[in-house]
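Along the sequence shown, the residues carry numbers beginning at 1. Heavy atoms only: backbone and side chains are in, while hydrogens, waters and symmetry mates are out.
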Amino acid sequence: MKQNKNTSSNPNPRKASMQTYHFLRSLAHINLTTPLSALHRRSRAIRRAAYVSMARAASPRRMWTRAILGRLQLLRRGRLLRRQRSYKKKAISTPHDKLRRLVPGGEEMDFCRLLEETVDYAEFLSKQVRIMESVVVMEAESKKKEEKV
């Protein structure tokens, strides 16, 4: 029995490479346009770039991608009102409701669709973490090289 030589953990490497491409492109844009002194603004821009790159690399049929991109469009237009944080404990009736609050767009889904979307969302989140970790490692290595020179 022949074994497949391509035994990567990523079933679709194109999605991961597109996610990396979009994130690095956005990161380069942030580095050019946002001053280093505006740390809070930079961190928000990086978080937005991470979400957008994740949503653009995923299937447009996924509910969580539409929820993320729609929310960011509303933020960009200034139409999304900031939620006031309530520190009172809200009554959560089922464990399903906790999951619905975690997955973007989960409020409108039935339970089976919610589970599918959760798996897809978790995969893209883990890819995003690996991308960000590799960016940090590459940045640290380039700083070490600069210090040696």
Side-chain angles (χ1 to χ4, degrees), residues 1-140:
M1 184 167 132
K2 281 188 175 181
Q3 282 190 344
N4 190 359
K5 290 183 181 180
N6 187 7
T7 58
S8 70
S9 62
N10 186 2
N12 191 348
R14 184 176 182 278
K15 285 184 180 180
S17 65
M18 287 308 293
Q19 186 176 355
T20 305
Y21 169 76
H22 289 302
F23 179 67
L24 292 177
R25 189 170 160 211
S26 298
L27 200 58
H29 179 73
I30 291 167
N31 285 335
L32 290 175
T33 59
T34 311
L36 288 173
S37 60
L39 187 62
H40 184 66
R41 202 167 88 199
R42 285 176 66 85
S43 66
R44 279 192 320 220
I46 291 170
R47 185 175 359 150
R48 251 180 286 156
Y51 277 121
V52 169
S53 65
M54 210 170 51
R56 287 183 70 189
S59 170
R61 285 185 240 156
R62 289 291 179 191
M63 190 79 141
W64 65 266
T65 60
R66 291 192 306 253
I68 287 175
L69 294 175
R71 181 176 168 83
L72 290 174
Q73 283 179 349
L74 290 176
L75 273 173
R76 195 175 305 130
R77 293 178 189 155
R79 293 183 184 168
L80 188 64
L81 300 175
R82 300 270 182 215
R83 279 189 266 158
Q84 292 182 359
R85 295 202 180 248
S86 172
Y87 293 102
K88 296 177 186 175
K89 283 194 170 185
K90 295 180 181 178
I92 297 175
S93 58
T94 63
H96 305 75
D97 293 335
K98 290 181 183 179
L99 189 59
R100 286 182 201 286
R101 287 180 32 210
L102 288 175
V103 178
E107 296 85 19
E108 297 94 27
M109 294 181 223
D110 65 343
F111 186 63
C112 290
R113 176 79 187 260
L114 178 66
L115 291 177
E116 290 175 11
E117 295 281 334
T118 303
V119 169
D120 191 56
Y121 184 60
E123 286 176 8
F124 274 92
L125 281 176
S126 66
K127 289 176 195 171
Q128 190 65 40
V129 167
R130 286 194 304 267
I131 291 168
M132 291 178 136
E133 286 174 345
S134 63
V135 168
V136 168
V137 167
M138 288 187 323
E139 184 67 24

Taking all non-hydrogen atoms of both residues into account, name the closest pair between [X] and [Y] and its distance.
| X | Y | value |
| --- | --- | --- |
| S53 | Q128 | OG-OE1, 3.4 Å |
| R42 | N31 | NH2-OD1, 2.6 Å |
| A49 | I30 | CB-CD1, 4.0 Å |
| W64 | V103 | CB-CG1, 4.2 Å |
| P35 | T33 | CD-O, 3.8 Å |
| A58 | T65 | CB-CG2, 3.4 Å |

If you round to the nearest 0.5 Å, how far is [atom2] of [Y] from [atom1] of [X]?
| X | Y | atom1 | atom2 | value |
| --- | --- | --- | --- | --- |
| L99 | R101 | CG | CZ | 11.0 Å |
| M54 | D120 | CE | CG | 9.5 Å |
| L74 | L69 | CG | CG | 11.0 Å |
| L39 | R44 | CG | CZ | 11.0 Å |
| Q19 | F23 | CD | CZ | 9.5 Å |
| S17 | L24 | OG | CG | 11.0 Å |

(message) I'd like to know if the side chain of S26 reaches the main chain of A50, judged simply by a donor and an acceptor atom lying under 3.5 Å from each other, with no hydrogens or angles considered.
(response)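 No, S26 side chain to A50 backbone: no donor-acceptor pair under 3.5 Å.
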(message) Has R48 got a side-chain atom pairing as donor or acceptor with L72's backbone, closer than 3.5 angstrom?
(response) no
(request) For I46 and M132, run side chain to side chain contact (heavy atoms under 4.5 Å, CB included): C-alpha distance rounded to whole Å, both residues' side-chain angles, the deciding distance at 0.1 Å, then the answer. (result) CA-CA 10 Å; I46 291 170; M132 291 178 136; 4.1 Å; yes
Donor-acceptor pairs under 3.5 Å, side chain of residues 106-116 to any protein atom, not counting sequence neighbours: which ones?
residue, atom, partner, partner atom, Å
D110, OD1, R113, N, 3.2
R113, NE, E117, OE2, 3.0
R113, NH2, R61, O, 3.2
R113, NH2, E117, OE2, 3.0

(message) Can you confirm whether more than 12 heavy atoms, excluding those of R62, are under 6.0 Å from its CZ atom?
(response)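 Yes, because the 6.0 Å sphere around CZ of R62 holds more than 12 heavy atoms from other groups.
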